[in-house]
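Numbered from 1 within each chain, the chains take letters A, B, ... in sequence-line order.
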2 protein chains.
Amino acid sequence: MAQPVSTLTLNERSTGNNGASSVMGEKEIFHHHIQRAGLKRTAQRDLILDVFLGTDEHLSSEDLYRLVQEKDPTIGQTTVYRTLKLMTEAGIAREVRFGDGKTRYERNSKLPHHHHMICVECGHTIEFLSSELEAIQNEIAAKYRFEPKQHSLRIFGLCADCRDRAPARHNLETVEPRVRLSLARAHK
Amino acid sequence: MAQPVSTLTLNERSTGNNGASSVMGEKEIFHHHIQRAGLKRTAQRDLILDVFLGTDEHLSSEDLYRLVQEKDPTIGQTTVYRTLKLMTEAGIAREVRFGDGKTRYERNSKLPHHHHMICVECGHTIEFLSSELEAIQNEIAAKYRFEPKQHSLRIFGLCADCRDRAPARHNLETVEPRVRLSLARAHK
DNA sequence: TTATTTGCAAATCGTTTGCACCTTA
DNA sequence: TAAGGTGCAAACGATTTGCAAATAA
């Protein structure tokens, strides 16, 4: 059965029962990854990691850069890009794309295999889980001897708010009311 | 039940039973859209449309541009970009993104709501249908008063060929063998 | 005739890279 | 000290835009 979880609920989960300890776990994973790969721990990486773990949003590199800037204005965009990639390689961040051209990152440790509903009007996202999806994936994959590594379901449409706000939008002059991804506004 | 359909099968469907007539339908839709919007029919648009309808691949703008060039080398990239957008607005093309940075387009008239398995090794894609997915979408959407317009399931992993070709890849030094989307090679 | 389209070159946008200097192990 | 890391500016690749000339309605 599908188990929907709102972004808010996700937040509660992240900082509720095992909040600090899981953040600790992520930091450890990051530092282990750095060591194992023969890389170095730096103040910049620590700061960027901290800021990243302090949110549960879907941050773009630019978003994270802005947040980091507030704490240390000397850190450059490039370092944020590089650290984000590093965190992804370490497995504590995950890339998500909502069709607005920029890559976003979310924490990878919680809510495994969750998916997104993305409002094409306001960019708001809702996260949800579905174990049925795993079943579908495995069924399909088996038929093709395909080895699934990752999957992503995105549902584009109108969130409740935008639905109420723009009820006339549906009967526009378009023959087939297809979603134009290019219409998606800035995220959040 | 999920109904897998390979790219080849998709091809058969497109040109089999109702091949010519459906292409006709798409041309008509395009021209209607052009008229309705007060735009103009041009030789360039007709050519680009023809070439696009003549394939069932997931073409990038560049791919289509190359094909069009073979028939008329005077047509510019920009026109292809603009026509692709126009076809998307008309509802005969659909944007798909496989995580390699470039937007691809596929015909929108057949195989509604199909999804993709994308090989991160060679870029090969397999298309499939799943009515279960519709059920999941509607169930989730209803809980949030979300109005779904479009959804997209992508399964990233290794196709049968690449699986056989690189069996040792799994036990690499990575703790969690996460797929790095950035690794995805050129498509097809 | 007159709004629209075209192709080119230049501009944009997100992201990556080259490089000289700085820092960690 | 040696291997990496940092920030800046320049480079990139996909896509978009300004514009003057060309064309459909």
Practice prompt. For the side chain of A:Arg45, starting at C-beta, report the closest nucleotide among C:dG7, D:dT6, D:dC8.
Written response: D:dT6
Discussion item. Holding to side-chain contact (heavy atoms from CB on, under 4.5 Å), I want the full list of residues that pass it with B:Lys40, two or more places apart in sequence or in another chain.
Written reply: none
Worksheet, complete the sentence: Rounded to whole Å, the CD-P distance (B:Gln77 to D:dA14) equals 9 Å
Worksheet entry | Residues A:Lys102, A:Glu62: salt bridge by 4.0 Å N-O rule | no
Worksheet item: Between the side chains of B:Thr103 and B:Arg97, does any donor sit under 3.5 Å from an acceptor?
Response: yes
Worksheet item: Would you call the rings of A:Phe128 and A:His115 parallel, tilted or perpendicular, where under 30° means parallel and over 60° means perpendicular?
Response: tilted
Practice prompt. Could you tell me whether B:Asp50 and B:Lys27 have a side-chain N and a carboxylate O separated by less than 4.0 Å?
Written response: yes
Discussion item. Using a strict threshold of under 4.0 Å (side-chain N to carboxylate O), is an ion pair present between B:Glu95 and B:Arg104?
Written reply: no
Worksheet item: Can you check the B:Arg97 CZ to D:dA14 P distance for me, whole Å?
Response: 14 Å
Practice prompt. Grab the CG-C1' distance between A:Asp100 and C:dT15 for me, whole Å please.
Written response: 14 Å
Fill in: Atom pair distance, as rounded to whole Å: OH in B:Tyr105 and C1' in D:dA14
10 Å
Discussion item. On the side chain of B:Arg82, is there an atom forming a donor-acceptor pair with the base of C:dG7 - under 3.5 Å, no angle test?
Written reply: yes
Worksheet, complete the sentence: To the nearest 10 degrees, the angle between the two end axes of the helix from C:dT1-D:dA25 to C:dA25-D:dT1 (five pairs per end) comes to 30°
Practice prompt. Whole angstrom is fine here: how far is it from CG in A:Asp72 over to P in C:dT23?
Written response: 13 Å
Worksheet item: Is any side-chain nitrogen or oxygen of B:Thr103 closer than 4.0 Å to OP1 or OP2 of D:dT15?
Response: yes
Worksheet entry | Short side-chain donor-acceptor distance under 3.5 Å, B:Glu106 and B:His114 | yes
Worksheet item: Looking at the side chain of B:Tyr81, which of C:dG7, C:dT5, D:dT15 is the nearest nucleotide?
Response: D:dT15
Response to the item:
Which of D:dT15, D:dG5, C:dT4 is nearest the side chain of B:Lys102? It is D:dT15
Worksheet item: With sugar-phosphate meaning primed atoms plus P, OP1 and OP2, does A:Thr74 contact a base, only sugar-phosphate, or nothing at under 4.0 Å between heavy atoms?
Response: sugar-phosphate
Worksheet item: So which nucleotide from C:dG7, C:dT4, D:dT15 ends up closest to the side chain of B:Ser61?
Response: D:dT15
Worksheet entry | Shortest side-chain distance from B:Thr42, nucleotide among C:dT6, D:dG4, C:dT4 | C:dT6
Worksheet item: To the nearest Å, how far apart are B:Lys40 NZ and C:dT6 C1'?
Response: 12 Å
Worksheet item: Tell me: CD of B:Gln35 to P of C:dT5, nearest whole Å?
Response: 13 Å
